[in-house]
Every structure is written in C-alpha cells, then in structure tokens.
Amino acid sequence: MAEHALAVVNLGKLFGGLAAVDGVSLNVATGERRVLIGPNGAGKTTLFHCVTGTLKPSSGQVSLFGRDVTRLAEHRRTALGMGRTFQITNVFPDLTLGENLALAIVGTDRRKWVVHRPAETFEEVRRQALEGLARVGLEGRAQLPAKLVSYGERRQLELALALNTGPKVLFLDEPCAGLSPAERQRISQMIADLPRSMTLLMIEHDMDVALGLADRVTVLHRGRVILEGTPQEVRANPQVRDVYFGHA
Amino acid sequence: MDRARLMLLVVALAGAAALPWIGGPFWTGLATQMMIFGLLALSVDLLLGHAGLFSLTHASFFAVSAYTVAILQVRYGWPTLAAAPAGILLGTALAALFGISVRTRGVYFILITIALGYVVWGIAHRWSSFTGGDNGVTNVPFPAVGPLAVTSHTQYYYVVLAAVILCGLGYRVLIRSPFGLGLRGVKASETRMQSLGYRTGLHIYVAFVLSGALASFAGVLYVYYNKFVNPVAASFPVSVEAALMAIVGGTGTIVGPFLGAGVVLGLRNWVSSFVEMHHAIMGAVFIATVLWAPQGLVGIAARVRARLKGRDG
Ligand SMILES: Nc1ncnc2c1ncn2[C@@H]1O[C@H](COP(=O)(O)OP(=O)(O)O)[C@@H](O)[C@H]1O
Ligand SMILES: [Mg+2]
C-alpha cells in the first residue's frame with residue numbers, strides 16, 4: 001500500500017440530507033496523473049475539500065503515503081505534502097504577486113512566525129518568489145497587487161501558490177475554469193510540464209485537456225465513482241457518454 | 001521613503017519636540033493623551049486593520065495594566081522598574097486568556113469581546129476593597145528609574161513621545177514581517193491560508209496577545225500621566241473610542257490611529273466645553289467616516305496627493 005501517494009477509502013460527505021460524496025474509494029500511485037471528471041454537482045470539489053482537509057468528511061478515511069490523515073487539520077496535511085488550487089480563484093487581492101508567493105513559500109516552515117524582520121529582507125524567499133512567478137509566466141509582475149492583474153493571470157497565480165508550498169501531491173480544481181482557449185492552452189502546458197515525480201489529481205471539464213494529460217481517469221456521478229480507467233477506456237464507455245457527454 | 005515624506009517626518013518631529021514651548025501645558029497635555037490613546041488605538045488596529053478582527057475589549061488590558069501599576073506603586077511601594085513591567089505582564093496575561101475569543105469570527109467575536117470587557121469593568125467597579133471602587137486608585141506618582149525621576153507633565157510628555165516613537169518603529173517591523181504579512185493573508189482569505197500551511201487560529205491568537213501587550217503598555221503610560229485610575233478606564237466607551245480612532249484616522253496604517261486619537265480627543269475637549277453631547281458628535285463623525293472616507297484621514301491625504309500628482313504629470 002505504501003506505494004500509493006493517496007488512498008481514499010469509502011469517503012462520504014453529507015450536506016444535510018444530500019450525500020454530495022457517497023462512498024468514494026480511490027488509490028492514486030506515486031507519480032500518477034489522475035483526472036476526475038463528472039457533470040456539474042457530481043461532488044468533485046467536495047471530494048477535494050474532504051481529502052485536503054478544507055471540509056471534514058462525514059465518513060471514510062484518507063491516507064497520504066500510507067499515513068492516515070483523516071483527522072489532521074488542513075495545515076498539517078499541507079506540511080505533509082498536499083497542495084491545492086481552488087475552483088473559485090482564492091488569492092490575496094490586496095497583496096502584491098510577490099507577497100502572495102512569499103506567503104506560500106514561508107507557510108510550511110518556521111519563518112512564518114518571524115516578527116522582528118521585514119519579509120522583504122529574506123533574500124532566499126524573494127528569489128524563490130520571483131522564480132515561482134516566472135514558472136507560471138508571471139515574470140515582471142511581482143510588484144503588482146493581485147487585484148490589478150487580469151483574471152487569467154490570477155489563475156496563473158492560483159497555480160503558483162499551490163506549487164510553492166512544496167507539494168508532493170497536487171490537487172488542481174478546474175485550473176482552466178473561465179479562461180480563453182489560448183490561456184487554457186498555456187495553463188495546461190504548464191501542468192503537463194510539471195515534474196513527473198509530483199503526483200497530480202486534477203478536476204477538469206475540458207475532455208481534450210483531461211484525456212490528454214491523464215494516466216488514469218475517474219468518473220464521478222452523483223457522489224459515486226461510476227468508472228475508473230485509462231483515457232481510452234473512458235472515452236469508449238457508453239455509460240460515460242450518457243452521463244458526461246450528455247446529449248452531445 | 002521619498003523626500004516629501006522625509007521632510008514631513010522631520011517637521012513633525014521638530015514640532016513635537018518644540019510643542020511644550022509653543023503650545024504650553026494645555027496643548028502638551030492634549031498631545032500626551034493623543035499619543036497614549038493613539039497607542040491604544042494602534043493596538044486595536046493590529047487586529048482590525050491587519051487581521052480583520054473587531055475587538056471591543058482592549059480597554060480591559062489597558063485598565064488591568066493601569067490598575068496593576070497603580071496598586072503596586074501606591075499601596076505596596078513598588079518602584080517603577082518593577083511596577084511597570086508587572087502591569088504589562090498582567091495585561092498581557094489577560095489578553096492570553098481573552099484570546100480564546102479568536103475561536104469565533106465576525107459578529108460573534110465582537111459580541112464576545114464586548115461581554116469580556118464588561119466583566120473586567122464590573123470587577124473594577126464592584127470589587128471595591130481591592131480596586132477602590134468608583135474612586136479607583138489615586139496619588140500615582142510620576143515614574144522614576146533610580147535617580148532619574150520625572151517631575152513634571154512636560155518631562156513626561158517627552159517620555160511618552162520617545163516611547164511612542166519606539167513602539168511605532170517596532171510595530172512597523174512587525175506588520176512588515178512574515179508574521180504580519182500572514183495576518184493580512186488571514187484577513188483576505190483564511191481558507192487559502194490554511195491550505196498554504198498556516199494554523200490560522202494560532203496566528204490570530206498570537207496577534208491578539210501581542211495587541212493586548214501593546215494596549216497594556218498604553219495603560220502604563222496612561223496611569224503615570226493621569227495619576228489615578230478608576231473603572232472608566234476599563235469601560236466599554238474606551239474600547240469603542242479606540243476602535244473609532246483607528247477607523248477615523250485610517251486602519252491598517254501607523255499614523256492613522258494617532259491622527260484619529262487627535263480628532264476624537266480634540267473634538268471631545270472642544271465640544272464638551274459647551275455641550276454635553278460629545279457621544280452624539282462622535283457617532284456622527286464615525287458615520288461620516290464610514291460613508292465618505294472609509295480609509296480615514298490617511299486615505300483622504302493619499303487621495304489629495306494622488307490628485308496633486310495627477311495635475312503635475
Ligand atoms: N457547502 C455546501 N453546502 C451544501 N451543499 C453543498 C455545499 N457544497 C456543495 N454542495 C452541493 O454538493 C453537491 C456537489 O457539489 P460540488 O462538489 O461542488 O460538485 P462539482 O465540483 O462536481 O461540480 C452539489 O449538489 C452542491 O450543490
Ligand atoms: Mg467543482
């Protein structure tokens with residue numbers, strides 16, 4: 001089991017009477033790229049929330065590299081190597097892009113508790129922040145407040161924040177949501193270029209992006225896994241055509 | 001720092017140094033109060049302007065510290081060098097206790113802090129055998145360190161001026177530190193901060209305690225200026241006014257709370273000399289600020305500067 005980066009066992013999440021996630025089990029191998037697809041409201045985001053610790057699951061178990069993290073707070077899971085982006089952009093609008101990155105960089109170490117030294121005097125953090133921005137195509141933007149850059153650039157920042165906590169397992173929730181085709185292309189290329197050692201779970205609506213990137217695909221429908229397989233298997237499956245491609 | 005700001009700073013410091021000669025005892029006294037309450041407002045603003053938490057219990061730390069100093073000096077004859085640190089320590093310890101209120105957010109946090117504030121006021125008011133009841137503790141001497149003793153309000157003004165400058169410099173480092181940046185992160189998005197590895201509850205708790213320590217220090221400066229302390233120092237209006245000062249002056253800044261303190265104290269002095277309705281006037285000032293100048297006086301100044309710059313360019 002230890003070779004699994006992530007193991008989810010029989011996970012459930014109830015919102016009142018609604019089972020948003022209903023007994024999901026999932027094993028993702030180290031270095032694997034897994035894409036989650038499923039119609040709107042299938043429970044994909046809720047599943048991510050429960051796995052990364054944003055929400056407490058109603059039942060079930062989550063393990064990271066063989067360690068049970070079901071009861072760990074979110075910040076502890078981040079320290080253990082989980083990183084995530086949000087479907088709805090969740091950056092710091094009043095802070096500059098450089099400060100946004102600095103928060104991500106010191107978030108997983110003791111430097112976040114330093115009170116006696118201005119943040120900008122940490123040369124190492126500054127350098128890493130500039131590199132982190134350049135890595136997602138935001139070079140030269142470090143001094144701009146996040147609220148003044150374009151939506152597309154805020155999506156790039158969203159990705160950069162997650163990448164700079166030092167994640168071993170990265171969760172991307174519709175990283176291309178709301179982007180133009182050209183921007184979509186850019187971001188999916190960045191994701192494709194991530195090191196293969198990083199385990200990747202991605203929720204994606206665009207089938208071409210999803211199936212191009214995935215080693216394996218999990219299809220969610222009404223809180224349940226209805227299929228797991230290679231991109232070819234998923235494309236060929238009639239049930240998936242029904243629920244996912246709908247009337248297309 | 002650009003040249004205009006450096007000039008402004010030099011002029012302000014020179015003005016502050018010369019004030020006792022220019023303004024006489026009345027203005028010197030008002031300026032001392034402005035600095036003391038400005039410091040209290042600054043402590044409130046560490047939470048309000050940076051972490052986004054509206055505390056209404058900071059008079060508690062201010063008063064507990066003031067009472068501690070007064071009781072130890074007057075009743076037990078402790079020297080300043082022992083009494084003042086004891087005041088800060090006790091005020092901060094109370095903040096460490098009241099800090100559990102950061103488990104709540106928003107309006108619940110406000111309500112809990114109001115309740116805690118009333119508890120402290122009630123104790124000061126009712127436990128008269130220890131606190132002196134409504135009369136409080138009187139005859140607090142000026143501070144003295146060994147042979148160095150303050151002997152006049154003018155001298156004490158300079159002590160407060162030096163203390164406030166030091167606090168301002170320290171505060172500036174704190175809010176620009178990774179910890180301070182983290183507070184602004186929590187204010188903007190607690191969920192994102194957690195996913196970046198921050199234990200946000202602890203982060204805010206630490207800020208609450210630091211802020212309580214600063215309020216306690218303001219309490220020490222206050223009691224040596226005032227020469228007495230009574231339950232008014234612990235009362236709800238003091239907490240409200242401190243927040244008001246920060247908002248009127250400009251939250252999230254350093255000079256803002258001091259400017260706000262100047263406005264609030266100045267208005268109170270001026271208005272209450274002919275009408276007994278300064279609370280109503282304060283309310284009106286507050287509403288006007290929220291409606292027309294949400295960034296406070298500092299925000300107005302920034303807007304004027306931007307407009308002037310625009311005209312030049
Ligand atoms: N905080 C919440 N409270 C109540 N219901 C929720 C909440 N979040 C999501 N839901 C519901 O749970 C279901 C799954 O939502 P979600 O996980 O966002 O789906 P997806 O990401 O697959 O589109 C939806 O029916 C949604 O309305
Ligand atoms: Mg979703």
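Chain letters run A, B, ... following the sequence lines, proteins first, then strands; residues in each count from 1. Worth knowing before you read on, the calculation uses all heavy atoms, side chains too, and leaves out hydrogens, waters and symmetry mates.
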Indicate the ring-plane relationship of B:Phe62 and B:Phe37, choosing parallel, tilted or perpendicular according to the 30° and 60° boundaries. tilted
Looking only at heavy atoms and a cut-off of under 4.5 Å, which of A:Leu95, A:Asn90, A:Leu161, A:Thr165 has the most pairs with chain B? A:Asn90
Check each atom of A:Ala73 against the heavy atoms of chain B and say whether the ones under 4.5 Å are side chain, backbone, both or neither. neither
Heavy atom to heavy atom, less than 4.5 Å: which residues from residues 106-145 of chain A reach chain B? A:Val106, A:Gly107, A:Thr108, A:Arg111, A:Lys112, A:Trp113, A:Val114, A:Val115, A:His116, A:Arg117, A:Pro118, A:Ala119, A:Glu120, A:Phe122
Are there more than 12 heavy atoms of other residues, nucleotides or ligands under 6.0 Å from atom CG of B:Leu291? yes
Looking only at heavy atoms and a cut-off of under 4.5 Å, which of B:Gly182, B:Pro178, B:Gly170 has the most pairs with chain A? B:Pro178
If the contact rule is any heavy atom under 4.5 Å from chain A, which residues of residues 191-212 of chain B qualify, in numerical order? B:Thr191, B:Arg192, B:Met193, B:Gln194, B:Ser195, B:Leu196, B:Gly197, B:Tyr198, B:Arg199, B:Leu202, B:His203, B:Val206
A:Lys147 and A:Val91: side chain to side chain contact (heavy atoms under 4.5 Å, CB included), yes or no, with the steps? CA-CA 9 Å; A:Lys147 65 182 170 201; A:Val91 300; over 6 Å; no
Is any NZ, NE, NH1 or NH2 atom of the basic residue among A:Asp94 and B:Arg184 found under 4.0 Å from an Asp or Glu carboxylate oxygen of the other? no
Enclosure of B:Arg103 CZ (heavy-atom neighbours >12, cutoff 6.0 Å): no
How close do B:Leu214 and B:Cys167 get, heavy atom to heavy atom, and via which atoms? CD1-SG, 4.0 Å
Taking atom CZ of A:Arg71 as the centre, does the number of heavy atoms from other residues, nucleotides or ligands within less than 6.0 Å exceed 12? no
Heavy atoms from other residues, nucleotides or ligands near OH of B:Tyr108 exceed 12 (cutoff 6.0 Å): no
Do you see a donor-acceptor pair shorter than 3.5 Å between the side chains of A:Thr54 and A:Glu74? yes
Could you name each residue pair satisfying salt bridge (charged side-chain N to carboxylate O under 4.0 Å, His left out) that touches residues 51-66 of chain B, not counting sequence neighbours? none
Quick test of your reading: applying salt bridge (charged side-chain N to carboxylate O under 4.0 Å, His left out), list the pairs with at least one residue in residues 40-50 of chain B, sequence neighbours left out, ordered by first then second residue. none
